[in-house]
Number of protein chains: 2
Amino acid sequence: MTKPADRISRRQVDKFEERRRQLADAALQTLSELGYARTSLREIAQNSEFSHGVLHYYFRDKVELITYCVRQYKARCVLRYDGIVHDAEEPDALARDFAEGLAATLVEDALLHRLWYDLRSQSLFEESFRADVADIDESLERMIWRVVGRYAELAGIEPTCSSSMAYATFDGLFQQALLRHLAGSELATDDLKAGARHLLSHLVCA
Amino acid sequence: MTKPADRISRRQVDKFEERRRQLADAALQTLSELGYARTSLREIAQNSEFSHGVLHYYFRDKVELITYCVRQYKARCVLRYDGIVHDAEEPDALARDFAEGLAATLVEDALLHRLWYDLRSQSLFEESFRADVADIDESLERMIWRVVGRYAELAGIEPTCSSSMAYATFDGLFQQALLRHLAGSELATDDLKAGARHLLSHLVCA
DNA sequence: AGAAAATCTTGACAGTTGTCCAAGATCCTC
DNA sequence: GAGGATCTTGGACAACTGTCAAGATTTTCT
């Protein structure tokens with residue numbers, strides 16, 4: 001029922017958006033390998049199947065490209081973490097699965113997490129990223145709070161700390177585990193699991 | 001009793017080291033303003049009273065300069081935090097003073113802390129910084145553990161978590177507070193204080 | 001098929017970067 | 001104060017950066 005012009009423009013828009021996603025994927029890969037400071041547009045293009053000039057056809061400038069990347073990264077995050085929140089019937093099972101999920105993504109997506117902490121640091125210097133980074137941070141905080149809330153519910157108790165504090169401590173735990181994991185420590189994942197369960201039972205729900 | 005040659009060389013060494021410190025100071029200031037990604041040698045030199053060429057007289061290359069900076073930063077850290085650990089007689093007083101100290105440095109040294117988290121992220125990409133950064137991390141962990149140990153001692157109880165976990169959670173708390181403080185939030189310091197006391201009483205010492 | 005629109009490549013540009021070096025300035029010792 | 005060691009300058013260099021535009025190529029529509 002759409003008019004021809006609509007179909008055309010919609011297909012064009014779709015293709016346009018698809019290519020943006022494609023290029024942002026290459027950018028995300030390059031960023032996660034090299035970090036923000038060492039990633040150039042030519043390097044990104046080399047990780048795609050296009051030449052460097054095309055980036056300015058799909059993105060106004062470098063900032064817009066990276067901002068788009070950050071948004072795309074956020075989508076992945078939410079997707080990834082949503083699998084962790086899970087409808088267990090026992091608080092212990094929830095704690096175990098949550099800890100396992102954290103440890104799994106720590107290892108599997110280590111480079112992406114490394115990039116996240118890099119970009120979050122950059123956002124403290126580069127005004128342009130701040131809003132998007134804060135947005136991701138908030139969605140991560142909500143994700144943690146869903147886990148905590150469900151855990152408290154199953155255990156029949158009330159959380160003893162705020163949402164932001166829960167996120168801050170879990171994030172600290174995860175970041176430290178990432179540092180040690182990337183430094184080659186074998187204990188990082190087990191410590192993260194133990195730490196997460198300890199945190200859940202002792203801090204957020206006393 | 002030292003021979004003339006010794007006196008000369010020692011004085012030269014001293015002067016040499018003093019200038020290195022001086023240049024590293026300028027570098028540290030520039031880094032804390034612009035962040036690692038945007039700091040160039042010429043920018044550093046402009047923040048000192050020398051020209052850019054002199055940097056390669058005192059440092060082999062940029063990596064050596066920044067590594068030297070990181071070490072100098074560490075010295076400041078230890079100094080700063082040592083004032084916080086304090087010989088209170090009451091656990092509550094210790095918790096209060098510790099929380100106050102954290103909140104104070106959060107505000108006063110916000111730019112230096114921002115730089116620290118930036119450099120720690122960089123160390124995950126740039127192999128050269130990793131050792132020094134890990135060194136600072138360990139000394140911060142020991143600092144936290146001294147506070148926790150003293151608190152437990154005064155309260156007549158035992159810490160319920162490991163040293164690394166205590167550091168991870170406090171660091172997460174602090175980092176989140178820094179993010180919010182730099183974003184202009186007025187609540188950041190108060191939340192940090194409350195969070196630190198809560199952490200001390202509920203987590204590390206149940 | 002052929003015109004029109006879109007997509008993509010290539011090369012150039014101006015600016016910045018880390019690095020190095022020759023020459024000058026400054027300091028110290030005799 | 002001369003002479004030599006030490007320190008500092010400023011410029012040159014090649015490599016790299018983001019950006020842009022003209023032209024080649026492909027796709028789309030009639």
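Per chain, numbering begins at 1; letters A, B, ... match sequence-line order. Side-chain atoms are counted along with the backbone in the values below, which use heavy atoms only and exclude waters and symmetry mates.
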Participant: Between D:dT9, D:dT19, D:dA12, which nucleotide gets closest to the side-chain atoms of B:Arg42?
Facilitator: D:dA12
Participant: D:dG18 P sits how many Å from A:Glu64 CD, rounded?
Facilitator: 15 Å
Participant: When you measure from the side chain of A:Lys15, which nucleotide among D:dT9, D:dC7, C:dT7 comes out closest?
Facilitator: C:dT7
Participant: Between atom CD in A:Glu18 and atom C1' in C:dA6, what is the gap in whole Å?
Facilitator: 15 Å
Participant: Parallel under 30°, tilted from 30 to 60°, perpendicular over 60°: which one fits the rings of B:Tyr58 and B:Phe16?
Facilitator: tilted
Participant: Do NZ/NE/NH1/NH2 and the carboxylate oxygens of A:Glu126 and B:Arg38 come within less than 4.0 Å?
Facilitator: yes
Participant: Over all strands shown, is B:Tyr58 touching base, sugar-phosphate only, or nothing at heavy-atom distances under 4.0 angstrom?
Facilitator: sugar-phosphate
Participant: Regarding B:Asp132 and B:Thr67, is there a side-chain donor-to-acceptor distance under 3.5 Å anywhere?
Facilitator: no
Participant: Could you state the CG-C1' distance from B:Leu65 to C:dC20, rounded to the nearest angstrom?
Facilitator: 17 Å
Participant: Shortest non-hydrogen contact from A:Trp145 to A:Cys161?
Facilitator: CH2-O, 3.2 Å
Participant: D:dA12 P sits how many Å from B:His56 NE2, rounded?
Facilitator: 18 Å
Participant: Measure from CG on A:Leu23 to P on C:dT9 and round the result to the nearest Å.
Facilitator: 10 Å
Participant: Over how many whole Å does the gap from B:Phe50 atom CZ to D:dT6 atom C1' extend?
Facilitator: 13 Å
Participant: Looking at C:dT17, I'd like to know if its phosphate oxygens (OP1 or OP2) sit under 4.0 Å from a side-chain N or O belonging to B:Ser40.
Facilitator: yes
Participant: Decide yes or no for B:Gln176 and A:Asp137: does some side-chain heavy atom of the first lie under 4.5 Å from some side-chain heavy atom of the second?
Facilitator: yes
Participant: Starting at atom CG of B:Leu55, determine the distance to atom P of C:dC21, rounded to an integer number of angstrom.
Facilitator: 17 Å
Participant: Atom CZ of A:Arg20 to atom C1' of C:dA6: distance rounded to whole Å?
Facilitator: 16 Å
Participant: If each of B:His52 and A:Val63 is mapped to the nucleotide of DNA chain D with the nearest heavy atom, which maps nearer the 5' terminus, i.e. the 5' end?
Facilitator: B:His52
Participant: Nearest to the side chain of A:Phe16, heavy atoms from C-beta on, is which of C:dT9, D:dA12, C:dT7?
Facilitator: C:dT7
Participant: Does any residue of residues 29-38 of chain B have a heavy atom under 4.0 Å from DNA chain C, and if so, which ones, in number order?
Facilitator: none
Participant: May I ask you to check whether B:Phe98 and B:Phe170 place their ring centres under 6.0 Å from each other?
Facilitator: yes
Participant: Could you pick out which residue, B:Arg60 or A:Tyr57, lies toward the 5' side of DNA chain C when each is mapped onto its nearest nucleotide?
Facilitator: A:Tyr57
Participant: Taking only Lys NZ, Arg NE, NH1 and NH2, and the carboxylate oxygens of Asp or Glu, determine whether B:Asp118 and A:Arg120 approach each other closer than 4.0 Å.
Facilitator: no
